[in-house]
Asks: 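Can you read through this structure? Questions will come right after.
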Amino acid sequence: MISQTKIPSDAAVALVANPERADAAKVAVLVQETPVTSSSGVQRAVEWIAAIKSQHDEVDAKRKSFTEPLRKVVEEINDFFRPALDALKQAEKEMKKKISAYTVESLAKRDEMLAQVEQTKAPEAREELIVKADKLAPPKVAGMSIRETWKGEVVDPEAVVKWAIEKNFLAFLSPDPKAILAYTKKAGRDPGIPGWKAWCDRNVAITTSKVKS
């Protein structure tokens with residue numbers, strides 16, 4: 001059951017807050033105008049700080065006397081709605097998982113087929129593979145986007161160096177993961193460098209305002 005709490009009027013809050021605001025303003029001016037130039041001045045300043053902190057706590061307690069009852073009401077209302085919100089968030093998460101799983105699988109099959117294109121010399125066979133690969137790509141749906149992030153790691157430095165020498169990639173003679181990753185991202189695929197393991201993380205993003213039903 002939601003607590004029966006009345007929202008205080010501006011006048012009621014002002015009646016308590018305004019004197020505190022005026023007093024705090026005077027304290028601020030007094031501190032601004034008071035120099036600390038001696039040992040006794042330091043002692044006095046420390047005493048003032050203690051007094052200011054105590055005053056701060058007193059003012060904050062008065063503020064909370066107004067806000068705490070309201071905060072409890074907000075928490076109680078949130079408790080009523082939280083199960084519905086949590087269920088909907090979980091439903092969205094699960095559906096995204098399903099879309100992502102299908103998308104990743106489809107793109108992996110497409111990428112595998114496109115890789116065959118590079119190894120196929122006959123123009124007609126290449127064209128046929130490209131057409132088949134296009135059909136494997138996930139559908140373009142308004143409001144859905146696929147974010148790709150290429151990642152990789154050097155698993156065999158010697159193999160990378162050997163490949164770099166053969167291909168005259170001097171920048172890779174000292175295997176720098178960042179440089180090879182940049183090369184991979186630019187290629188937009190696994191460049192097939194021996195000793196370099198590359199993979200693509202794909203995430204599905206839904207923009208509600210762009211979804212058409």
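Quick note: residue numbers are just sequence positions, from 1.
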Asks: Give me the atom names and distance for the closest heavy-atom approach of P191 to A198.
Replies: CD-CB, 4.5 Å
Asks: Does R63 come within less than 4.0 Å of D60, counting only side-chain N to carboxylate O?
Replies: yes
Asks: W163 and F172: which non-hydrogen atoms are nearest, and at how many Å?
Replies: CZ3-CD1, 3.7 Å
Asks: Considering non-hydrogen atoms only, spot the tightest contact between K197 and V155 and give its length.
Replies: CB-CG1, 4.0 Å
Asks: Going hydrophobic residue to hydrophobic residue with side-chain gaps under 4.5 angstrom, can you get from V74 over to F80?
Replies: no
Asks: Cut-off 3.5 Å, side chains only: do E112 and Q116 have a donor facing an acceptor?
Replies: no
Asks: First locate atom CZ of F81, then atom CG of D86, and finally report the distance between them rounded to the nearest 0.5 Å.
Replies: 13.0 Å
Asks: Does CD belonging to Q32 count more than 12 external heavy atoms closer than 6.0 Å?
Replies: no
Asks: Return the NZ to CD1 distance between K140 and I146, rounded to the nearest 0.5 Å.
Replies: 10.0 Å
Asks: Between K162 and E158, does any NZ, NE, NH1 or NH2 come within less than 4.0 Å of an OD or OE carboxylate oxygen?
Replies: no
Asks: Go through the side-chain N and O atoms of S38 and S40 and say whether any donor and acceptor fall under 3.5 Å apart.
Replies: yes
Asks: Calculate, to the nearest 0.5 Å, the distance between atoms NZ and CE belonging to K135 and M113 respectively.
Replies: 10.5 Å
Asks: Less than 4.0 Å between a side-chain N and a carboxylate O, is that true for K109 and E105?
Replies: yes
Asks: What I'd like to find out is whether the side chain of D79 reaches to under 4.5 Å of the side chain of R82, using heavy atoms alone.
Replies: yes
Asks: Inspect the contact between E128 and K132 and indicate whether a charged nitrogen and a carboxylate oxygen are less than 4.0 angstrom apart.
Replies: yes
Asks: For E68, is there an ion pair with K72 - N to carboxylate O distance below 4.0 angstrom?
Replies: no
Asks: May I ask you to test the V31-W48 pair for a side-chain heavy-atom distance under 4.5 Å?
Replies: yes
Asks: Would you check if W199 and E153 make a side-chain contact, meaning some heavy-atom pair closer than 4.5 Å?
Replies: yes
Asks: Would you sort out whether K96 and E92 count as a side chain to side chain contact (heavy atoms under 4.5 Å, CB included), showing the intermediate values?
Replies: CA-CA 6 Å; K96 278 186 176 180; E92 177 189 352; 3.4 Å; yes
Asks: Short question: side chain of S100, backbone of K97 - any donor-acceptor pair under 3.5 Å?
Replies: no
Asks: I'd like to know whether CD of E94 has more than 12 heavy-atom contacts from other residues, nucleotides or ligands below 6.0 angstrom.
Replies: yes
Asks: For residues T149 and C200, determine if any side-chain heavy atom of one lies less than 4.5 Å from a side-chain heavy atom of the other.
Replies: no
Asks: Less than 4.0 angstrom from a charged side-chain N to a carboxylate O is my criterion; do D57 and K53 meet it?
Replies: no
Asks: Taking only Lys NZ, Arg NE, NH1 and NH2, and the carboxylate oxygens of Asp or Glu, determine whether D23 and K26 approach each other closer than 4.0 Å.
Replies: no
Asks: Same cluster or not: are I52 and L30 linked, directly or through other Ile, Leu, Val, Met, Phe, Trp or Tyr residues, by side-chain heavy atoms under 4.5 angstrom apart?
Replies: yes
Asks: Parallel, tilted or perpendicular: which fits the ring planes of Y183 and F169, with parallel below 30° and perpendicular above 60°?
Replies: perpendicular
Asks: Please give me the minimum heavy-atom distance between V16 and F66, naming the atom from each residue.
Replies: CG2-CZ, 3.9 Å
Asks: Looking at I180, I193, L181, which hits side chain to side chain contact (heavy atoms under 4.5 Å, CB included) with V154?
Replies: I180
Asks: Quick one: CZ on R189 to CD on E148, what's the gap to the nearest 0.5 Å?
Replies: 13.5 Å
Asks: Is I165 reachable from L170 through a run of hydrophobic residues whose side-chain heavy atoms are each under 4.5 Å from the next?
Replies: yes
Asks: Are D201 and K151 close enough for a salt bridge, meaning some N to O gap below 4.0 Å?
Replies: yes
Asks: Tell me if the CG atom of L85 is crowded by more than 12 foreign heavy atoms within 6.0 Å.
Replies: yes
Asks: Does a donor on one side chain and an acceptor on the other come within less than 3.5 Å for W196 and T184?
Replies: yes
Asks: Walk me through whether L173 and V160 qualify under side chain to side chain contact (heavy atoms under 4.5 Å, CB included).
Replies: CA-CA 8 Å; L173 288 178; V160 174; over 6 Å; no
Asks: Can you tell me how far the CD1 atom of I99 sits from the CE atom of M144, to the nearest 0.5 Å?
Replies: 6.5 Å
Asks: Could you report the tightest heavy-atom contact between P35 and R44, atom names first, then the distance?
Replies: O-NH2, 3.8 Å
Asks: If you round to the nearest 0.5 Å, how far is OG of S39 from CD of Q43?
Replies: 10.0 Å
